[in-house]
2 protein chains.
Amino acid sequence: MQIVMNAPAARHFDAAVLSRAAVAQGRRPAGVGSVRTLDKDEELFAEGDPAVSFYRVTQGVVRTSKLLSDGRRQIDAFHFPGDVFGVEAGAEHRFSAEAASAATVIAYRRRDLDDLLFDETFSREVLGAMMHALERAQRHMLLLGRKSAIEKIATFLVDMAERLAGADAVELPMSRLDIADHLGLTIETVSRSLTELERKGVIDVPASRRTIVLRDKAALARLNG
Amino acid sequence: MQIVMNAPAARHFDAAVLSRAAVAQGRRPAGVGSVRTLDKDEELFAEGDPAVSFYRVTQGVVRTSKLLSDGRRQIDAFHFPGDVFGVEAGAEHRFSAEAASAATVIAYRRRDLDDLLFDETFSREVLGAMMHALERAQRHMLLLGRKSAIEKIATFLVDMAERLAGADAVELPMSRLDIADHLGLTIETVSRSLTELERKGVIDVPASRRTIVLRDKAALARLNG
DNA sequence: CGCTTCCTTGATTTACTTCAAAAAGTGTGG
DNA sequence: CCACACTTTTTGAAGTAAATCAAGGAAGCG
């Protein structure tokens with residue numbers, strides 16, 4: 001993988017490496033980066049790897065997670081096109097990152113914390129990404145610590161609907177296992193909760209089981225706890 | 001409460017408002033701030049309040065938390081002397097802050113995200129605090145989502161021992177209810193887990209019940225999951 | 001198609017909660 | 001300093017949400 005240094009002298013950017021999503025949103029990356037394509041479940045980096053780069057998703061979904069010694073997993077976030085992840089204060093990545101679906105990312109060479117602070121070229125977007133990650137983490141702690149299974153699923157669906165900008169149908173790009181490991185549940189409970197919401201008429205889960213039709217968003221919002 | 005603006009022209013700092021702890025640790029604040037003393041359970045700010053200031057603890061412990069509509073609470077973090085909290089990207093605080101014990105904080109006037117990015121006077125310490133908060137939040141999600149009650153308590157005790165720098169006895173400054181709401185448990189389960197750890201000989205809980213003696217740190221670490 | 005993977009459903013178990021009460025600790029005023 | 005009231009913590013018994021164990025069905029794929 002080739003990493004292009006984002007030297008101050010090279011503060012233009014190469015349109016070729018920009019995602020359509022980023023362009024569409026009027027965003028620019030923190031510098032010039034290298035494209036990396038990932039198959040489903042392919043690992044981008046592991047917990048403890050040296051944090052050489054940070055990343056922006058351009059296609060597909062990337063999950064970041066932590067493992068317990070016996071294999072229990074917590075997915076702290078799913079990253080969609082436009083999202084920046086993998087920014088670290090220290091020398092190492094504190095979680096692993098894998099493609100939750102086939103995905104493409106752009107890698108940007110990381111800078112030191114000192115550079116981040118005093119280098120004007122450091123994009124507000126990266127700091128924004130960090131604050132956004134913190135905000136989401138704090139909301140997610142409330143979910144993990146205090147919500148019931150149904151409330152977790154309802155919150156998750158509303159969240160996905162917002163992020164995927166789907167009118168009233170969400171095409172979930174990740175497996176039930178990924179959802180379970182994100183919400184602190186088992187796949188069985190995820191499945192049963194979805195069935196229960198369907199029985200109540202709040203959602204509809206057609207054949208493929210990957211698409212969720214949000215029948216009653218108000219009811220879903222009420223179930224958020 | 002008086003807030004002193006941290007204008008670039010006033011980049012000295014007033015020793016009078018520095019905590020002994022901060023001085024002892026060779027730290028300096030991000031600027032000049034105003035001291036605020038809090039009684040136990042006194043509120044510093046509520047979720048949704050305009051984020052006028054951010055804070056540094058100088059004495060005691062401050063808890064930051066979020067509530068669900070029916071009152072269920074998740075304490076996302078306890079802040080000890082030296083810790084900075086309440087830094088926000090947006091206009092509002094996203095959680096409330098109260099004193100978990102009698103406490104003193106210094107309030108610093110917040111800046112806008114843009115200022116944070118391009119103002120050289122923005123302390124690396126504040127960015128450091130943010131990254132630290134994110135790191136802790138990510139570890140805490142793993143705890144909330146995937147650890148058992150005993151593992152949660154063991155992790156919490158090891159954590160407190162590190163942060164309070166107590167050799168092998170931790171004087172817990174917060175109530176069982178606070179601990180429960182931090183770990184996603186009930187007070188009864190917290191109490192039972194402590195009793196269980198005591199029965200196993202891993203800890204000792206003398207009379208006052210606020211001090212925990214860590215008898216077997218290795219065993220505790222093993223119980224972290 | 002047939003094979004594999006993913007998802008759902010059912011039966012049972014269990015970790016944790018809830019409800020209830022006792023015990024211990026802390027504070028206050030006489 | 002003690003008695004009384006209040007708060008916090010512990011302990012016990014019963015209930016329950018979600019996990020685990022175990023098949024069965026569907027969907028996707030070569």
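So that the names make sense, note that chain A is the first sequence line, chain B the second, and so on, each numbered from 1. Since we're looking at a predicted model, the values are computed, not measured.
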[X] [atom1] - [N] [atom2] separation (whole Å):
X        : N      : atom1 : atom2 : value
B:Arg73  : C:dT17 : CZ    : P     : 15 Å
B:Ile187 : D:dT11 : CD1   : C1'   : 12 Å
B:Met174 : D:dT9  : CE    : C1'   : 16 Å
B:Leu183 : C:dC16 : CG    : C1'   : 14 Å
B:Asp181 : C:dC16 : CG    : P     : 16 Å
A:Leu172 : D:dA27 : CG    : C1'   : 16 Å
A:Leu177 : C:dC6  : CG    : P     : 9 Å
B:Arg210 : C:dG25 : CZ    : P     : 13 Å

Could you tell me whether the phosphate oxygens of [N], OP1 or OP2, come under 4.0 Å of any side-chain nitrogen or oxygen in [X]?
X        : N      : result
B:Arg192 : D:dT10 : no
B:Arg209 : C:dA24 : no
A:Thr189 : D:dA17 : no
A:Thr186 : D:dA18 : no

* Would a 4.5 Å heavy-atom cut-off, applied to side chains only, mark A:Val62 and A:Phe85 as touching? ->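 They are in side-chain contact.
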* Asked: With nearest nucleotides of DNA chain D determined for A:Glu188 and A:Ala149 from heavy-atom distances, which residue corresponds to the more 5′ nucleotide?
  -> A:Ala149
* **Flag, side chain of B:Thr189 to backbone of B:Leu185, donor-acceptor distance under 3.5 Å** => no
* Contact class for B:Leu194 (heavy atom, under 4.0 Å): base, sugar-phosphate, or nothing? -> nothing
* Asked: With a 4.0 Å cut-off on heavy atoms, is B:Ser191 in touch with a base, just the backbone sugar-phosphate, or nothing at all?
  -> base
* Please state whether the rings of B:Phe95 and B:Phe45 are parallel, tilted or perpendicular, taking 30° and 60° as the class boundaries. =>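 Aromatic pair B:Phe95/B:Phe45 classed tilted.
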* Using 30° and 60° as the class limits, which term best fits the ring planes of B:His93 and B:Tyr55: parallel, tilted or perpendicular? ->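 The arrangement is tilted - the two ring planes meet at 30° to 60°.
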* Considering only side-chain heavy atoms of B:Ser208, which listed nucleotide, C:dT26, D:dG28, D:dT10, is closest? ->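 Looking only at side-chain atoms, B:Ser208 lies closest to C:dT26.
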* **Per B:Ser175 side chain, nearest of listed nucleotides D:dT9, D:dG28, C:dC16** =>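 The listed nucleotide nearest to B:Ser175's side chain is D:dT9.
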* **Result of checking A:Arg63, A:Arg73, A:Lys66, A:Arg72 against A:Asp181 for salt bridge (charged side-chain N to carboxylate O under 4.0 Å, His left out)** =>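 In the set A:Arg63, A:Arg73, A:Lys66, A:Arg72, the residue that makes a salt bridge (charged side-chain N to carboxylate O under 4.0 Å, His left out) with A:Asp181 is A:Arg73.
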